[in-house]
Amino acid sequence: MRRRRETASAEASKESSSGEAIDKSSDGGAKVYTNVHIANPRRSSFVWLALFLIITYCCTAIYNYQFQSMPVPLTADQAGKRGFSEIEAFKHVKALTEVGPHPVSSDALNLALQYVLEACQTINKTAHWEVDVEVDLFHAKSGANRLASGLFMGRTLVYSDLSHVVVRILPKYLSDAKEHSILVSSHIDTVFSTEGAGDCSSCVGVMLELARGVSQWAHGLKRGVIFLFNTGEEEGLDGAHSFITQHPWSNTVRMAIDLEAMGIGGKSSIFQAGPHPWAIEKFALVAKYPSGQIISQDLFSSGAIKSATDFQVYKEVAGLSGLDFAYVDNTAVYHTKNDKLELLKEGSLQHLGENMLAFLLHIAAASDFPEGNAKETDEDKSNNNAIYFDILGTYMVVYRQQFANMLHTSVILQSILIWTTSLFMGGIPAIASLALSCLGILLMWVFALGFSFLVAYLLPLISSSPVPYVSSPWLVVGLFGAPAFLGALTGQHFGYLLLQKYLLNVHSKRKQLPPTIQADVVKLEAERWLYKAGSFQWLILLTLGNYFKIGSSYLALVWLISPSFAYGFFEATLTPTRLPKPLKLATLLLGLATPILFSAGTFIRLAATIIGGMVRLDRNPGSTPEWLGNFVIAAFIAALLSLTLVYLLSYVHISGAKKAIVLATLVLFSLSLAIVLSGVLPPFSDDTARAVNVVHVVDATGRPDGRLDPVSYVSLFSTTPGKLNKEVEQIDNGFACGRDKPVDFVTFSVNYGCWTYNDTISGWSESDIPTIHVDSDAKENGRITQVTINTKVSVRWVLAINTEEIEDFELRDAVNSEELIPVDQKTSVDGWHIIQFSGGKNAPALFDLVLYWRSGSTHNTDTPLLKLRTDVNRITPITQRILTKLPSWCSLFGKSTSPHTLAFLTNLPVNF
């Protein structure tokens with residue numbers, strides 16, 4: 001007979017259950033416990049509520065320290081002649097924003113270009129005497145760019161008459177330096193709807209100050225540094241492409257660094273690196289305030305973030321490796337009027353400038369500069385990819401995919417070995433317990449998603465806006481976080497009850513414990529199985545991430561190892577006869593400390609980025625349900641809580657804190673919902689506006705007889721989910737709203753919007769309307785049609801070619817007979833290949849298009865052969881009146897595919 005006394009943790013040691021049992025085994029092999037004492041594991045409600053608050057506070061503090069704490073801005077005197085001064089960089093940003101919005105072909109862009117040119121010439125005059133500074137105002141000829149992936153797949157991006165400022169800084173007495181250069185690039189132009197303080201005047205300001213600083217150091221460098229201030233980025237990455245394909249210095253570039261913004265201010269983080277890992281490794285080594293997360297790169301490359309930067313051109317077209325930086329704070333203001341100087345946070349420029357200056361000086365003087373390019377085999381790239389992440393914005397961890405594979409595989413195999421041993425020792429009951437624990441995890445997901453999805457669906461029905469949290473992002477904690485938390489707790493508790501029932505049945509059959517203590521033993525075993533199932537969940541994710549070589553799998557590694565180590569250190573035993581104890585609070589605290597430190601800030605920032613993206617969610621206005629954006633946020637939050645709270649919630653089920661936790665969660669949800677319904681905090685504000693477009697449309701489509709009989713109206717639509725009733729009511733200009741008048745803008749469609757025909761005949765003339773004229777239509781030996789396109793006053797247009805009918809085509813400048821797009825194999829999306837053209841004031845307006853028909857084409861007369869939209873950056877009288885009355889919580893929204901304030905539509909039918 002063996003006796004054992006078990007005691008619980010100090011918090012629950014005062015209450016216990018006891019009983020007596022007799023060993024009835026004839027062979028003495030069975031272990032029967034008598035006078036066994038099992039501590040009552042009930043835990044204080046106050047302690048657990050306090051613990052939840054402490055964890056929440058720690059997560060917030062980590063986020064603020066990692067992403068919101070900024071370096072002190074330095075003046076020119078404080079920085080010194082060779083340092084970086086935010087105050088000086090800010091002067092450049094201020095000067096650029098004062099010219100107002102400066103899109104391609106505008107007078108304002110010429111002013112911005114002239115300012116940058118003069119600033120660069122000043123740098124030339126003040127450079128170190130042993131440094132050569134070459135300043136070039138580069139005028140790009142016409143060109144065409146076709147990218148293989150991403151946002152512009154299935155399109156040809158054509159440009160003409162663009163100007164850029166290019167600066168090359170070299171050591172005067174080292175002739176070889178100019179043959180191996182480092183490119184630093186950003187764009188001067190903005191979209192038509194914003195002055196572009198963040199995107200990307202802040203980048204240009206930083207580059208000008210960097211160029212000044214490098215010009216004082218370059219005499220000690222081994223390589224040249226080229227600063228490219230390009231235009232045309234907002235119209236389809238045209239500036240980067242024209243430099244790479246036309247400028248003589250481009251052949252000397254060995255590495256590219258792109259500066260971008262998808263918001264305004266904050267810390268500029270690396271969100272793309274590689275393909276060669278050398279650059280990110282050197283950055284991590286020397287950056288004073290390193291910031292970058294591989295999870296951003298994973299999301300960007302997956303297409304989840306619908307955007308593109310010049311870095312794509314440098315990788316795909318030039319075959320370069322490097323780094324891509326972006327400001328992403330306050331991403332809701334992206335491409336709206338609120339991308340303004342007042343919202344640029346102090347220290348933002350200093351953060352990027354100091355990091356970049358140290359990085360440039362280090363790599364330009366390095367002797368181990370890589371000579372390879374991005375055009376490697378898929379296997380080489382996958383093994384050489386860098387895994388990188390920063391810890392609290394202070395340290396950056398970088399290692400290569402090959403090492404990650406070995407590390408992850410080692411952890412996976414060890415975990416499988418431990419689980420196999422444990423299940424083998426525990427037999428069928430252990431396997432069944434694991435299965436039921438995993439069922440509890442599955443129920444967590446189901447209930448967390450279900451509860452949050454229910455709120456996401458109902459919110460548009462009861463609130464004034466489907467996305468009432470855009471101007472107050474913290475509301476999502478109560479609106480979606482509380483239901484998801486309650487669902488996760490409910491789902492896991494159901495799993496706990498099923499597991500408890502099974503374990504009670506097992507112990508009843510064994511008859512090793514007195515009936516009076518069986519219930520307590522079962523509760524403690526169930527608690528432990530739920531905790532261990534959490535690590536099993538992360539093991540599955542790590543295995544999948546390792547198989548698909550997902551860089552952000554390091555998060556699964558951290559969330560697996562740390563809690564498992566804590567459990568093994570404080571709780572685990574290989575003695576099967578040992579009765580369970582309540583899980584120690586130290587196990588939870590030690591297990592969660594490292595994962596929270598590594599990931600809390602990143603998760604919060606990612607959530608803020610997703611919330612800000614709701615402003616421009618509906619790329620084809622009216623094409624998505626109003627609840628879709630809420631579902632995206634609800635799914636993210638529910639998944640995040642199901643993954644990260646699995647360990648914490650396993651402690652709750654046998655504590656006395658369940659009712660208090662549920663009540664506190666319901667109160668939080670009720671308060672958040674009350675704030676939304678009362679309108680105390682409006683969905684949008686003067687600084688976080690709803691994205692709308694006001695377009696005076698002149699529609700000359702559907703006229704197969706050639707008669708010019710256009711229809712003129714003003715279209716009001718929004719990429720932000722929700723109806724436009726409040727906006728139309730305030731504008732008061734006879735708008736009708738609904739789905740009765742869809743508008744095809746070639747690059748997108750408006751399925752829900754508002755329109756008015758009042759006073760729309762002025763501000764344009766019939767001579768502005770573009771024309772498509774068929775010159776010839778030869779049907780012998782394959783049908784070939786020659787078309788002349790005259791875009792009249794527009795130097796920004798999009799043309800869609802029906803690839804169901806047309807196999808290939810070529811486009812020429814009709815005046816200069818310059819080939820813009822040759823005959824070759826072209827991709828299409830949804831049966832259309834789109835030509836997107838943008839140019840300066842002297843860009844051509846007359847084009848020859850040759851169409852090569854498919855043999856046996858169906859000649860579907862319901863679909864046009866060609867669709868053309870021309871944009872004019874002109875505000876007509878009716879548009880001016882509407883913009884004047886537009887609510888302050890609304891802002892025009894610009895992007896490469898959206899029309900300007902005046903747009904002309906025409907087409908060519910298949911049966912012309």
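In what follows, every heavy atom counts, from backbone to side chain, and hydrogens, waters and symmetry copies are set aside. Bear in mind that the values here come from a model prediction, so they are computed numbers and not experimental data. In this chain, residues are counted from 1 in sequence order.
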Would you say Phe569 has more than 12 foreign heavy atoms packed within less than 6.0 Å of its CZ?
no

Using modelled atom types and a 3.5 Å cut-off, is there a donor and acceptor pairing between side-chain atoms of Asp298 and backbone atoms of Ser552?
yes

Separation between CD1 (Ile550) and CD (Gln401), nearest 0.5 Å, reads 10.0 Å

Residue pairs, two or more places apart or on separate chains, that pass side chain to side chain donor-acceptor pair (under 3.5 Å) and touch residues 529-542:
Trp445-Gln537

Taking all atoms of both residues into account, what is the closest heavy-atom pair of Asn385 and Pro275, and its distance?
OD1-O, 4.0 Å

Tell me whether Glu281 is salt-bridged to Arg400, with the criterion being a basic N under 4.0 Å from an acidic carboxylate O.
yes

Check whether any side-chain heavy atom of Leu51 lies under 4.5 Å from a side-chain heavy atom of Leu585, and answer yes or no.
yes

Which heavy atom of Pro721 sits nearest a heavy atom of Met614, and at what distance?
CD-O, 3.3 Å

Tell me, yes or no, whether the heavy-atom count around Leu461 atom CG, taken from other residues, nucleotides or ligands under 6.0 Å, exceeds 12.
yes

Are the side chains of Leu503 and Ser433 in touch, meaning some heavy atoms are under 4.5 Å apart?
yes

Assess whether atom CZ of Phe494 is packed by more than 12 heavy atoms of other residues, nucleotides or ligands within 6.0 Å.
no

Crowding at OH, Tyr63 (>12 non-hydrogen neighbours, <6.0 Å)
yes

Kindly say whether Ala456 contributes a backbone atom to a donor-acceptor pair with the side chain of Asn630 at under 3.5 angstrom?
yes

Sequence neighbours excluded - ring-ring contact (aromatic ring centres under 6.0 Å, His included) pairs with any residue from residues 414-436
Trp419-Phe536

Of all the heavy-atom pairs spanning Leu499 and Ser437, show the shortest one and how long it is.
CD2-OG, 3.6 Å

Heavy atoms of Leu479 and Phe669 approach each other most closely as O-CE1, 3.8 Å

So do Pro466 and Trp627 actually touch side chain to side chain, heavy atoms under 4.5 Å?
no

Trp559 versus Ser599: any side-chain heavy-atom pair under 4.5 Å?
yes

Report yes if the side chains of Phe447 and Leu486 come closer than 4.5 Å at any heavy-atom pair, otherwise no.
no

Just so I know, are the side chains of Pro277 and Val398 near enough to count as touching, which here means a heavy-atom distance under 4.5 Å?
no

Considering all heavy atoms of both residues, which atom of Ala273 and which atom of Leu323 are nearest to each other, and what is their separation?
CB-CD2, 3.7 Å

Please evaluate residues Gln500 and His653 with respect to the criterion side chain to side chain donor-acceptor pair (under 3.5 Å), reporting the C-alpha separation (whole Å), side-chain torsions for both, the decisive distance (0.1 Å), and the verdict.
CA-CA 11 Å; Gln500 183 182 8; His653 305 291; over 6 Å; no

Which of Tyr469, Phe631, Phe485 passes ring pair (Phe, Tyr, Trp, His ring centres under 6.0 Å) with Phe480? Answer is Tyr469

So do Ile270 and Ile280 actually touch side chain to side chain, heavy atoms under 4.5 Å?
yes

Do Gln518 and Leu504 have side chains that approach each other closer than 4.5 Å (heavy atoms only, starting at C-beta)?
yes

Minimum-distance pair of heavy atoms, taken over all atoms of Gln492 and Val646:
NE2-O, 3.3 Å

Taking only residues at least two apart or on different chains, which pairs with a member in residues 660-673 satisfy side chain to side chain donor-acceptor pair (under 3.5 Å)?
none

